[in-house]
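The structure appears below as structure tokens.
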Amino acid sequence: MLPLIALLTTLTNPITDPNTFPIAVWLQSPSQAERYKKAGINLYVGLWQGPTEDQLAALTKAGVPVVCDQNAVGLKHKDDPIIAAWMHGDEPDNAQPTGKNEWGPCIPPPQIVADYERLKKADPKRPILLNLGQGVANDAWIGRGSGAKLSDYETYVKGADIVSFDVYPVSGLNDPSQLGLVAKGIDRLNNWTSGKKRVWNCLEASRIDGKSKVTGPQLKAQAWSAIIHGSTGLIYFVHQFAPTFNEHALLDDPELLPDVTELNHQIQSMAPILLSKPVSGSKSDNPQIHTSARSHKGTNYTFAQSLSATPIETTLTHTGKAERVSFAPYELKIYKSAANGSLGD
């Protein structure tokens with residue numbers, strides 16, 4: 001086993017490494033970190049009632065950094081690279097519990113900004129992550145409490161360096177036709193931050209409440225549409241609450257885990273490209289096809305993702321040409337061309 005000093009010096013921080021795409025898992029036990037690492041996950045977000053010394057030690061041993069609360073234990077580890085970033089409490093934009101089965105208003109946006117300033121004062125070096133709820137994208141969501149309004153988000157986003165949100169179309173809304181809410185939320189966050197902050201998103205990766213379970217193709221479509229619209233980090237929600245509770249349901253899912261692992265390795269293999277800024281040059285005449293162009297080291301790329309559950313056709317503009325293209329359900333197409341204009345796919 002490598003000594004602790006060697007582990008720390010070889011630890012990669014996916015938030016700051018330009019060649020690593022942050023792919024995280026939400027609120028999981030550090031005892032599962034090695035299994036998640038094999039699935040292509042390189043970051044933890046949230047620690048139950050932590051961080052504790054034991055939790056940080058287990059993550060250090062596994063070589064998986066964490067985004068966690070800035071408690072007393074965390075502050076003792078300000079010089080420890082195992083802590084990649086700090087975080088606010090989850091979903092402050094939703095109605096907050098005031099007692100048993102009772103809910104009050106959301107946390108006021110100015111309070112999130114004040115908390116951000118407090119966290120930065122205690123540790124100016126690390127970024128702060130804020131994860132918001134589905135109200136970012138889902139205008140039909142009624143869980144924000146009295147007095148909440150869409151314009152609140154323009155203030156919320158000032159209270160973070162990395163802004164994330166969650167919406168679960170299949171397992172949460174039971175409506176696969178709403179996969180486009182993921183891209184809608186990314187667009188809104190980029191607009192509210194004027195494109196000046198990192199924008200991430202959460203992805204459903206379990207049955208959650210015992211109803212519908214997202215399929216591998218549906219999950220991949222959500223992930224790629226998010227990246228196409230500018231997400232630079234993914235956080236998997238893997239809990240199952242019904243019919244039985246399973247904190248790490250994804251790890252026990254023989255159908256979904258291989259798809260998630262494949263997706264993670266595919267994304268990571270193109271990390272520098274996907275983290276580069278989108279450029280013009282791609283479009284589709286079908287709103288179910290989401291596209292984005294990137295240019296990296298002399299090669300132009302177009303990513304085109306279908307969010308349709310049925311085959312569709314579109315006129316797709318990519319890598320300097322327009323053509324009629326057929327897409328299978330939830331299909332991703334990646335086109336590339338050299339700087340001299342030669343085409344491949």
Side-chain angles (χ1 to χ4, degrees), residues 26 88-98 102-113 129-160 162-205 208-209 211-214 218-219 221-237 278 284 286-292 305-309 330:
W26 170 257
H88 288 280
D90 189 38
E91 297 179 337
D93 56 320
N94 280 345
Q96 301 296 301
T98 59
E102 295 181 359
W103 299 87
C106 58
I107 296 176
Q111 182 176 330
I112 294 301
V113 176
L129 169 68
L130 171 65
N131 186 65
L132 298 163
Q134 63 176 291
V136 168
N138 183 7
D139 294 330
W141 173 235
I142 61 173
R144 294 205 55 217
S146 61
K149 53 190 182 300
L150 191 64
S151 60
D152 290 342
Y153 289 108
E154 297 175 17
T155 301
Y156 277 125
V157 299
K158 295 177 181 178
I162 305 169
V163 187
S164 176
F165 85 106
D166 54 66
V167 64
Y168 305 133
V170 180
S171 54
L173 302 177
N174 197 31
D175 188 357
S177 72
Q178 296 297 314
L179 296 187
L181 287 175
V182 175
K184 178 180 178 181
I186 297 296
D187 285 344
R188 281 182 165 179
L189 289 179
N190 276 317
N191 179 55
W192 291 328
T193 62
S194 299
K196 296 179 179 179
K197 297 189 178 186
R198 282 174 282 189
V199 170
W200 294 8
N201 67 286
C202 298
L203 293 170
E204 53 186 331
I208 300 184
D209 63 0
K211 297 179 182 178
S212 301
K213 187 182 77 171
V214 67
Q218 290 169 338
L219 175 54
Q222 292 180 64
W224 277 108
S225 67
I227 293 170
I228 283 169
H229 283 256
S231 177
T232 58
L234 304 175
I235 306 171
Y236 289 110
F237 188 88
S284 165
N286 190 312
Q288 288 285 75
I289 304 295
H290 294 234
T291 71
S292 178
Q305 174 65 60
S306 171
L307 296 185
S308 174
Y330 304 125

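The shown structure was predicted, so the numbers you read here are calculated from the model rather than taken from an experiment.
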Give a yes or no on whether the backbone of Gly133 and the side-chain of Asp166 come within a donor-acceptor separation of less than 3.5 Å. no
Is there a donor-acceptor contact under 3.5 Å from the side chain of Asn191 to the main chain of Asp187? no
If you define the side chain from C-beta out and look only at heavy atoms, does anything of [X] sit under 4.5 Å from [Y]?
{"X": "Val163", "Y": "Leu132", "result": "yes"}
{"X": "Asp175", "Y": "Pro169", "result": "no"}
{"X": "Asn138", "Y": "Gln178", "result": "no"}
{"X": "Leu189", "Y": "Asn201", "result": "no"}
{"X": "Trp26", "Y": "Ser164", "result": "no"}
{"X": "Trp141", "Y": "Asn94", "result": "yes"}
{"X": "Leu181", "Y": "Leu173", "result": "yes"}
{"X": "Thr232", "Y": "Val199", "result": "no"}

What pairs with Arg144 under salt bridge (Lys or Arg N to Asp or Glu O under 4.0 Å), at least two apart in sequence or on another chain? Asp152
By salt bridge (Lys or Arg N to Asp or Glu O under 4.0 Å), which residues pair with Lys196, not counting sequence neighbours? none
Determine the minimum heavy-atom distance between [X] and [Y], stating which atoms define it.
{"X": "Thr155", "Y": "Pro110", "value": "CG2-N, 4.1 Å"}
{"X": "Tyr156", "Y": "Cys106", "value": "OH-SG, 3.5 Å"}
{"X": "Ser146", "Y": "Pro105", "value": "O-CB, 4.0 Å"}
{"X": "Asp93", "Y": "Gly135", "value": "OD2-N, 4.5 Å"}
{"X": "Leu203", "Y": "Ala223", "value": "CD1-CB, 3.7 Å"}
{"X": "Ile112", "Y": "Pro92", "value": "CD1-CB, 3.6 Å"}

Interatomic spacing from [atom1] in [X] to [atom2] in [Y] - rounded to 0.5 Å:
{"X": "Lys213", "Y": "Gln218", "atom1": "NZ", "atom2": "CD", "result": "10.5 Å"}
{"X": "Ser231", "Y": "Phe165", "atom1": "OG", "atom2": "CZ", "result": "8.5 Å"}
{"X": "Ile228", "Y": "His290", "atom1": "CD1", "atom2": "NE2", "result": "8.0 Å"}
{"X": "Leu307", "Y": "Asn286", "atom1": "CG", "atom2": "CG", "result": "10.0 Å"}

Can you sort out the partners of Glu204 under side-chain hydrogen bond (donor to acceptor under 3.5 Å, both in side chains), two or more places apart, ordered by chain and number? Ser171, Gln222
Sequence neighbours excluded, which residues qualify as side-chain hydrogen bond (donor to acceptor under 3.5 Å, both in side chains) partners of Gln288? none
So, using side-chain contact (heavy atoms from CB on, under 4.5 Å) as the criterion, who are the partners of [X] when residues are at least two apart?
{"X": "Thr291", "result": "Ser282, Ser284, Ile289, Ala304, Leu316"}
{"X": "Thr98", "result": "Glu102"}
{"X": "Pro278", "result": "Ser292, Arg294"}
{"X": "Lys158", "result": "Val113"}

Non-neighbouring partners of [X] that pass ring pair (Phe, Tyr, Trp, His ring centres under 6.0 Å), sequence neighbours left out:
{"X": "Trp224", "result": "Phe303"}
{"X": "Tyr236", "result": "none"}
{"X": "Tyr330", "result": "none"}

So salt bridge (charged side-chain N to carboxylate O under 4.0 Å, His left out) across residues 176-186, not counting sequence neighbours, yields Asp139-Lys184
Between Asn131 and Glu91, does a side chain to side chain contact (heavy atoms under 4.5 Å, CB included) hold up when you go through it step by step? CA-CA 6 Å; Asn131 186 65; Glu91 297 179 337; 4.3 Å; yes
Intermediate values then yes/no, side chain to side chain contact (heavy atoms under 4.5 Å, CB included), Val167 and Val136: CA-CA 8 Å; Val167 64; Val136 168; over 6 Å; no
Residues Val170, Leu179; criterion side chain to side chain contact (heavy atoms under 4.5 Å, CB included); working and verdict: CA-CA 8 Å; Val170 180; Leu179 296 187; 4.0 Å; yes
